[in-house]
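Keep in mind it's a predicted model, so treat the numbers as computed, not measured.
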Amino acid sequence: MRFKRCLKHRNEGDGLETYETDVVIIGAGIAGLYTALMLPKTMRIWIVSKADARETNSYLAQGGIAAAMIKAYDSPIMHYEDTLKSGHYTNNPLSVKILVEEAETNIHQLEAFGVHFDQDIKGQYLMGMEGAHRVARILRIGDHTGKSVMEVLIERVKAAQNIHWVDAFFGTALLVAEKKCFGVQGNLNRQCMRIFSKWTVLATGGIGHLYSYTSNAMGIDGSGIAMAMRAGAQTAHINLTQFHPTVFYTPNLEGRQFLISEAVRGEGAILRNQSGERFMMKYDERMELAPRDVVSAAIESEMALQSEPFVYLDVTHLSKSFLMNRFPVIYEFCSTQGISMEKDWIPVAPRLHYFMGGIKTDLVGKTSLDALFAVGECAHTGVHGMNRLASNSLLEAVVFGRRIAKAIEIMDTDNESQVERALSETIEIPEFDLSQAVLQGWMDTYMGINRDPVKLKKCYNQICELIQRPRETHRVDSEAISIETMSIYNALIMMKAMVYDALKEFDHNDKI
């Protein structure tokens with residue numbers, strides 16, 4: 001093993017493989033990798049993830065990173081105002097202020113790592129336009145920004161002598177005692193292991209595959225958030241989901257579906273219904289560049305009036321050469337589906353895309369559990385409010401990843417690992433006789449764009465009955481428990497919390 005400073009021993013009591021380190025980061029998207037690289041080189045760091053870093057939402061990100069880099073026409077205050085407006089002014093203003101004011105520093109840090117954003121021949125950034133931004137402020141690398149940024153970070157992490165990276169690790173429980181986190185327990189190649197750490201960072205992503213149709217990478221199903229909830233970490237606004245309005249419509253294909261970037265609408269794409277009518281003017285004066293929640297709701301309304309469950313995205317006014325150069329990944333995908341973007345309309349429909357709720361954090365990423373941080377989509381910093389502004393997600397990951405790293409560096413002298421105090425959960429997990437597909441169907445039906453309190457109550461009762469029904473059980477630290485069973489249990493925990501939170505919101509609105 002290249003990581004020489006890792007301490008390993010076998011626990012006398014239960015025989016589990018046990019390791020000790022300074023920091024363990026759970027998740028290998030941009031949030032996890034960037035946080036690891038921003039930590040001091042003197043720290044021993046583990047990154048553990050369910051899959052390869054290329055199987056993350058960060059790697060799939062097409063559009064780019066929002067930042068007010070061109071002061072001639074933009075400013076952090078304008079970015080701040082656009083973010084608040086998109087979030088319906090339910091954002092945490094302090095979090096948004098941090099996001100926009102620290103954007104430039106983190107963009108330059110990415111560039112120092114080796115990221116090259118698109119520029120013109122004079123060295124000026126080529127900024128993209130996206131929905132609900134009043135000016136073009138999206139730093140991009142073609143239509144594969146996430147992939148290009150991630151490749152640089154992956155290379156940097158693999159070269160770092162103080163970072164040990166393990167994929168195929170499924171986290172099953174945080175190691176917690178007296179409201180303090182001491183690391184994580186998980187399943188690696190179907191064997192249980194524990195990683196004790198002075199600091200633990202959750203960067204596990206969102207909830208996409210709780211739904212049948214999503215733009216998310218495989219494996220993004222809320223398991224990390226559920227694990228934190230089971231350990232006692234507080235969550236916030238856990239019912240808030242974002243549906244991306246323009247995901248390529250593929251009939252009879254569940255799971256990850258191909259995203260047609262918001263940047264396509266930023267270049268002038270038009271939404272048309274089955275009759276060929278441009279319909280967005282009926283719903284918002286910003287038309288196709290309205291916020292995502294507005295556009296998705298408008299498409300849902302149009303689909304309810306027609307026979308087909310999709311609408312069209314029309315870019316036929318743009319030339320083939322422009323489309324191939326500006327959107328090479330999207331153009332190639334559409335071609336595989338028999339669509340030439342310069343001639344054919346693209347079938348699209350809203351699909352689950354992003355999670356605005358999550359593990360509640362403060363302004364440096366600290367959760368309600370001592371020594372536990374959360375960053376990226378699994379965290380609720382308050383930045384996004386009720387609706388995330390396009391291309392603020394990667395920005396949030398790096399801004400708050402850097403803040404977490406700095407906070408850990410400052411506090412590290414006051415925190416010592418205490419292996420003997422940390423305990424994993426002793427709860428028993430039932431063996432469920434249902435599939436993920438059944439649960440996904442419930443989420444599609446009850447927790448979509450349009451929600452009904454009566455139906456939500458029915459769903460909540462179904463979930464509670466499933467969780468409480470007596471069955472054969474396994475301890476969470478048993479090697480007999482399967483990842484599939486654990487995933488279903490986590491899904492039920494997440495669904496119960498999300499539906500309950502949605503019901504609370506209806507009750508609150510009724511009282512207003």
Under 6.0 Å from the CD atom of Glu155, do we count more than 12 heavy atoms belonging to anything else shown? no
Rounded to the nearest 0.5 angstrom, the CE-OH distance for Met443 and Tyr211 is 3.5 Å
By side chain to side chain contact (heavy atoms under 4.5 Å, CB included), which residues pair with Lys360, not counting sequence neighbours? Gln234, Ala236
Nearest heavy-atom contact between Cys334 and Ile260 is SG-CD1, 4.3 Å
Who passes side chain to side chain contact (heavy atoms under 4.5 Å, CB included) against Thr204, sequence neighbours left out? Ile26, Leu202, Cys378
Quick one: pull up NE2 in His209 and CD in Gln440 and give me the separation to the nearest 0.5 Å. 8.0 Å
Any side-chain heavy-atom pair of Phe248 and Ile346 under 4.5 Å: yes
Not counting sequence neighbours, which residues clear salt bridge (Lys or Arg N to Asp or Glu O under 4.0 Å) with Glu262? List them please. Arg265, Arg292
Under the side chain to side chain contact (heavy atoms under 4.5 Å, CB included) test, which residues partner Lys496, sequence neighbours left out? Tyr460, Ile463, Cys464, Ile467
Does any non-hydrogen side-chain atom of Trp165 lie less than 4.5 Å from one of Ser49? yes
So which pairs with a foot in residues 64-77 pass salt bridge (Lys or Arg N to Asp or Glu O under 4.0 Å), sequence neighbours left out? Lys71-Glu104, Asp74-Arg137
Between Lys50 and the options Asn187, Thr56, Asp221, the side-chain hydrogen bond (donor to acceptor under 3.5 Å, both in side chains) test singles out Asp221
Non-neighbouring partners of Ala31 that pass side chain to side chain contact (heavy atoms under 4.5 Å, CB included), sequence neighbours left out: Ala203, Val375, Ala397
Examine distances only and state if a side-chain atom of Ser95 and a backbone atom of Thr381 form a donor-acceptor pair shorter than 3.5 Å. yes
If only atom types and distance count, is the side chain of Thr18 paired as donor or acceptor with the main-chain N or O of Arg194 below 3.5 Å? no
Quick check: do Val247 and His353 have side-chain heavy atoms less than 4.5 Å from each other? no
Quick check on side chain to side chain contact (heavy atoms under 4.5 Å, CB included): which of Thr214, Ile220, Thr241 does Ile207 satisfy it with? Thr241
Should the ring pair Trp46 and His164 be called parallel, tilted or perpendicular, given that the plane angle runs from 0 to 90° and is split at 30 and 60? perpendicular
Side-chain donor/acceptor of Glu377 to backbone N/O of Phe355, under 3.5 Å: yes
Any side-chain donor-acceptor pair under 3.5 Å between Asp293 and Gln242? no
Qualifying side chain to side chain donor-acceptor pair (under 3.5 Å) pairs with a residue from residues 57-69, counting only residues at least two apart or across chains: Asn57-Asn216, Tyr59-Glu151
For Glu55, salt bridge (Lys or Arg N to Asp or Glu O under 4.0 Å) partners two or more places apart: none
With the side chain counted from C-beta on, respond yes when Phe400 and Thr361 share a heavy-atom pair under 4.5 Å apart, and no when they do not. no
Could you note down all residue pairs passing salt bridge (Lys or Arg N to Asp or Glu O under 4.0 Å) where residues 388-406 supplies at least one of them, sequence neighbours left out? Glu102-Arg403
To the closest 0.5 Å, what do you measure between CG (Leu39) and CD1 (Ile25)? 5.5 Å
CD of Gln337: more than 12 outside heavy atoms within 6.0 angstrom? yes
Taking every heavy atom of Ala136 against every heavy atom of Met127, the minimum-distance pair comes out as O-CB, 3.5 Å
So do the side chains of Leu110 and Ile65 get within less than 4.5 Å of each other, counting heavy atoms only? yes
Can you measure from CG (Asn162) to CZ (Arg44) and round to the nearest 0.5 angstrom? 11.0 Å
Taking all non-hydrogen atoms of both residues into account, name the closest pair between Gly208 and Leu352 and its distance. CA-CD1, 3.5 Å
On a heavy-atom basis, which atom in Gln436 and which in Ala491 lie closest, and how many Å separate them? OE1-CB, 4.1 Å
State, to 0.1 Å, how close His133 and Ala66 come at their nearest heavy-atom pair, and which atoms those are. CE1-CB, 3.8 Å
Is any side-chain heavy atom of Val149 closer than 4.5 Å to one of Leu394? no
Kindly write out the residues that satisfy salt bridge (Lys or Arg N to Asp or Glu O under 4.0 Å) with Asp52, not counting sequence neighbours, or none if the list is empty. Arg54
Determine the interplanar angle of the His380 and His237 rings, folded into 0 to 90°, and report it as parallel if under 30°, tilted if 30 to 60°, perpendicular if over 60°. tilted
Ignoring hydrogens and geometry beyond distance, is a side-chain donor-acceptor pair present between Thr83 and Asn392 at under 3.5 Å? yes
Which residues satisfy the side-chain hydrogen bond (donor to acceptor under 3.5 Å, both in side chains) test with Glu101, sequence neighbours excluded? Lys97
Could you tell me whether the side chain of Gln161 reaches within less than 4.5 Å of the side chain of Lys41, counting heavy atoms only? no
Residues two or more places apart in sequence or in another chain: which of them pass salt bridge (Lys or Arg N to Asp or Glu O under 4.0 Å) with Glu81? Arg134
Output the distance between atom CG (Leu210) and atom CG (Asn490), rounded to the nearest 0.5 Å. 9.5 Å
Gly385 versus Leu240, closest heavy-atom pair with distance: O-CD1, 3.7 Å
Does Asp22 reach the main-chain N or O of Ile45 with its side chain, forming a donor-acceptor pair under 3.5 Å? no
Atom pair OG1 (Thr145) and CG (Leu139), whose distance is rounded to the nearest 0.5 Å: 8.5 Å
Side-chain (Thr246) to main-chain (Val348) donor-acceptor, under 3.5 angstrom: no
Do Asp143 and Ser261 have a side chain donor and acceptor closer than 3.5 Å? no
Taking the side chain as everything from C-beta on, heavy atoms only, tell me whether Val157 gets closer than 4.5 Å to Leu37. yes
